[in-house]
Amino acid sequence: MNTVNLGTWVHTSYVFKHGGRLKSPVLSRMLHPLKNPSFPMLSQRSGRPMSLVAVLTKEEMVRGGDTPEEEKPAFNFNAYILDKANSVNKALDDAVPIREPVKVHESMRYSLLAGGKRVRPVLCIAACELVGGDEATAMPAACAVEMIHTMSLMHDDLPCMDNDDLRRGKPTNHKVFGENVAILAGDALLAFAFEHMATATVGVPPGWIVRAVGELAKSIGSEGLVAGQVVDICSEGLKDVGLEHLEYIHVHKTAALLEGAVVLGAILGGGSNEEIEKLRKFARCIGLLFQVVDDILDVTKSSQELGKTAGKDLVADKLTYPKLLGIEKSRELAEQLNKDAKDQLSGFDPDKAAPLIALSNYIAYRQN
């Protein structure tokens, strides 16, 4: 069973520059493509990002009344994500055993169990726990999201798409099993994701499961992940395209599935409509944040450091944030998105929100 490899992810230093900040009107453009006019302009609250292991403010540590201040134990994000990732890995291993036809299941398991940070399923579980649910309730949905994410990587690596030979430090699926099997194994994971969530989720009203299935389907369909992929493909080599065009691609291609993961957890955990929508806004910010950081890493890290081919977007003449904004402005945008995401969690119990705050910081400061 694989475990998540975080490496030295804890970065307590302030890694972004303070030059001319990209303001929230830039962020508001990313909301338009999802056709959600109710999404308000994001906050421009200032302040440095918190340390990953010190996510509670001094005020939140006050015990109330006349009692003296007591410091709660710092939230241990490293232990939290390792524990959750191991639980997800075990659940995925159990969900997709080797059976007939053997080759397609081997292909499915090769990519599904290849490690990775398990950010999406952990987000699903953390959102569920935030609104009062538990890990067991969220786990089938968390696995479904990871199955779909894995499918998207398998297909994205194909010669007809990004034509990549390396994923998570290993040969890509089609290099091991052939293009035909890689396509079919990805299709199988996509179909099984919905079957697994529908049949393995227990202890919640059927209506919640139906709502969650619809949410997940929309996040990956022709108005979600697929839309982003298609526009991304059609944008290669284009000149004179702006930030709004780039945001459309990544709000759909990357943020939509991260949003789906968080919203599924909130739905299955019994969150109110208000709580679900706040978490949706949080997820959109971290979804775009994930892609901005990914683009930065693609041009600042080696293939060995990333575990995948570095610089491939530059070679393919793809539109990226560093290409459009430059490295420093891209880092400033990442800083703003991280702060805006955490603002959406301000009304929740700070102890329960700690994992999501730390996950937002982790996405902002990850090194691969």
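Just so it is clear, the model here is predicted, and its values are computed rather than measured.
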From CA spacing to verdict: salt bridge (Lys or Arg N to Asp or Glu O under 4.0 Å), E146, R120: CA-CA 7 Å; E146 191 66 6; R120 291 157 189 82; 5.3 Å; no
Non-hydrogen atoms of A212 and L264 that approach each other most closely: O-CD2, 3.0 Å
Parallel, tilted or perpendicular, as decided by the 30° and 60° cut-offs, for the rings of F177 and Y110: perpendicular
N173 and D157 side chains, donor-acceptor separation under 3.5 Å: no
Side chain proximity check, D294 to Y321, heavy atoms < 4.5 angstrom: no
D165/T172 under side-chain hydrogen bond (donor to acceptor under 3.5 Å, both in side chains): CA gap, chis, key distance, verdict: CA-CA 5 Å; D165 297 340; T172 47; 4.9 Å; no
Short N-O contact, K278 and E275, less than 4.0 angstrom: no
Least distance between heavy atoms, F290 atom then L258 atom: CB-CD1, 3.9 Å
Shortest non-hydrogen contact from E259 toward A283: CA-CB, 3.4 Å
4.5 Å side-chain heavy-atom contact, E106 and V181: no
Salt bridge (charged side-chain N to carboxylate O under 4.0 Å, His left out) partners of residues 130-141, not counting sequence neighbours, each pair once: K84-E135
H252 side chain near V231 side chain, heavy-atom distance below 4.5 Å: no
ILVMFWY cluster membership beyond I98 - transitive side-chain contacts under 4.5 angstrom: V102
Residue pair Q291, D295: steps toward the side-chain hydrogen bond (donor to acceptor under 3.5 Å, both in side chains) verdict: CA-CA 6 Å; Q291 187 60 51; D295 284 357; 2.9 Å; yes
